[in-house]
Amino acid sequence: QVQLVESGGGLVQAGGSLRLSCVASGDTILFSTAGWYRQAAGKERELVARINSGGSTYYADSVKGRFNISRDNSRNTLYLQMNSLEPEDTAVYCCRALSDRVYWGQGTQVTVSS
């Protein structure tokens, strides 16, 4: 069985940076695509960024130029580097990965103060 566990969230001042990590544990598995989603209070969940096995990436317009997604297969880890954070980035961030099925992490809270 596979579990995805996020970490790296916290409270940061506007303009600051955070790096989120998502570690896959349990059975060894190669994900064809993986990404980060977020859900702010009172809003619907949205795709923030994703990366496939070939390294192609996608970013939501709201985070382009500020966020960077990457993966380290040797460490079974997905990253989201978040720079120039804004209060609007405040949300619970979850990682999602696809192999034989879809896997979700439990989420990590990111709060950006003004």
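Residue indices begin at 1 and follow the sequence shown. Please read all numbers here as calculations on a predicted model, not as lab measurements.
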Evaluate V112 against L18 for side-chain contact (heavy atoms from CB on, under 4.5 Å), listing each step before the verdict.
CA-CA 10 Å; V112 184; L18 287 173; over 6 Å; no

Criterion side-chain hydrogen bond (donor to acceptor under 3.5 Å, both in side chains) on E44 and Q39, from CA distance to verdict
CA-CA 6 Å; E44 295 182 347; Q39 186 168 23; over 6 Å; no

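Within a 6.0 Å sphere centred on CD of E46, other residues, nucleotides and ligands contribute more than 12 heavy atoms.
The CZ atom of R66 sits 7.0 Å away from the OG atom of S84 when rounded to the nearest 0.5 Å.
In this structure, R71 forms no cation-pi arrangement with Y79, as its terminal cationic atom is not both closer than 6.0 Å to the ring centre and no more than 45° off the ring axis. Taking the centre and axis of the six-membered ring of W36, the NZ or CZ atom of R45 falls outside the cone set by 45° and 6.0 Å.
A heavy-atom distance below 4.5 Å is not found between the side chains of L4 and V23. V48 is listed as a side-chain neighbour of F67, based on a closest heavy-atom distance under 4.5 Å. Contact check for L20 versus Q81: no side-chain heavy atoms found under the 4.5 Å cut-off. At a threshold of 4.5 Å between non-hydrogen side-chain atoms, the residues T33 and I51 do not count as touching. Between E6 and S21, the closest side-chain pair of non-hydrogen atoms is not below 4.5 Å. The side-chain heavy atoms of V92 and R38, taken from C-beta on, include no pair separated by under 4.5 Å. For the pair V5/Q106, a side-chain contact is recorded, criterion being any heavy-atom separation below 4.5 Å from C-beta on. In this structure, the side chains of Y58 and L47 come closer than 4.5 Å at one or more pairs of heavy atoms.
At distances below 3.5 Å, at least one donor-acceptor pair connects side-chain atoms of N52 with backbone N or O atoms of G55. Side-chain N or O atoms of Y59 include one that pairs as donor or acceptor with a backbone N or O of I69 at under 3.5 Å. Of the possible polar contacts, one joining the S32 side chain to the L98 backbone as a donor-acceptor pair under 3.5 Å is found.
The shortest non-hydrogen separation linking S70 to L78 is O-CD1, 3.3 Å. In this structure, S114 and A14 approach most closely via the heavy-atom pair CA-CB, 4.4 Å.
A single hydrophobic cluster is seen to contain both V12 and M82, as judged by linkage of ILVMFWY side chains at heavy-atom distances under 4.5 Å, directly or through other members. Cluster annotation: L85 is not connected to L11 through the hydrophobic network of ILVMFWY side chains, with a link wherever side-chain heavy atoms come within less than 4.5 Å. In the hydrophobic cluster analysis, where Ile, Leu, Val, Met, Phe, Trp and Tyr join through side-chain heavy atoms closer than 4.5 angstrom, L80 is grouped apart from Y37.
Under the 3.5 Å distance criterion, with hydrogens and angles disregarded, no donor-acceptor pair is assigned to the side chains of T77 and D72.
Note on ring orientation: taking the six-membered ring where Trp is involved, the planes of F31 and Y103 are perpendicular (angle over 60°, cut-offs 30° and 60°).
Scanning for side chain to side chain donor-acceptor pair (under 3.5 Å) contacts around R50 gives an empty result, with sequence neighbours left out.
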